[in-house]
Amino acid sequence: MGTIVTRYRIEDEVGRVLTNEYFFSYEVDDALQFRCEDEALEEAAAFPGTTVERFERYSTFPDFFASGRGSTERNAA
């Protein structure tokens with residue numbers, strides 16, 4: 001049984017997403033995902049001209065909210 005989860009990602013002005021390797025790519029599946037909007041905003045501050053975008057995706061795992069840093073995850077699907 002799965003559920004829909006809300007995530008946040010960082011996009012630049014041309015629609016590329018920030019990846020785990022900290023470069024921008026058009027491959028949305030490689031996007032660095034944040035569970036917390038505040039963490040995404042904090043990370044986006046290091047990249048002028050970027051925005052934090054909210055999206056939802058399907059997850060087959062329960063959404064246990066990790067506290068503090070380390071709550072970012074990479075989309076495996």
Side-chain angles (χ1 to χ4, degrees):
M1 182 169 150
T3 185
I4 298 295
V5 294
T6 299
R7 294 289 184 262
Y8 302 89
R9 65 179 167 234
I10 298 171
E11 294 185 11
D12 68 5
E13 59 276 353
V14 294
R16 297 176 300 179
V17 295
L18 182 66
T19 67
N20 277 349
E21 293 81 25
Y22 286 94
F23 66 88
F24 288 89
S25 170
Y26 286 108
E27 293 296 324
V28 177
D29 289 342
D30 293 337
L32 183 62
Q33 297 182 14
F34 298 85
R35 291 182 178 171
C36 174
E37 185 178 20
D38 290 337
E39 287 182 9
L41 289 168
E42 182 179 321
E43 192 71 36
F47 301 95
T50 60
T51 59
V52 173
E53 301 296 325
R54 177 184 173 181
F55 67 99
E56 294 180 340
R57 70 173 177 83
Y58 180 78
S59 176
T60 57
F61 299 100
D63 192 21
F64 296 111
F65 203 90
S67 61
R69 300 293 290 179
S71 67
T72 58
E73 68 177 31
R74 186 176 177 160
N75 186 357

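When a residue number appears, it is its place in the shown sequence, counting from 1.
Here the straight-line distance linking atom OG1 of Thr19 with atom OH of Tyr26 works out to 14.0 Å at 0.5 Å rounding. Atoms CG and CG, from Asp30 and Leu18 in turn, are 11.0 Å apart once rounded to the nearest 0.5 Å. Rounding to the nearest 0.5 Å places OG1 of Thr6 at 11.0 Å from CD of Gln33. Taking CD of Glu37 as the reference point, atom CZ of Arg54 lies at 8.0 Å (rounded to 0.5 Å).
Shown here for Ile10 and Ala40, the closest heavy-atom pair between the two residues is CD1-O, 3.7 Å. Across all their heavy atoms, Ala31 and Arg9 have their closest contact at CB-CD, 4.0 Å.
Phe47 and Tyr22 have parallel rings, their planes meeting at less than 30° on a 0 to 90° scale where 60° marks the start of perpendicular.
Glu56 places none of its side-chain heavy atoms less than 4.5 Å from the side chain of Arg7. Looking at Val17 and Glu53, their side chains never come closer than 4.5 Å, going by heavy atoms from C-beta outward.
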Practice prompt. Could you check Phe24 against Thr50 for side chain to side chain contact (heavy atoms under 4.5 Å, CB included), going step by step and ending with a plain yes or no?
Written response: CA-CA 10 Å; Phe24 288 89; Thr50 60; 3.7 Å; yes
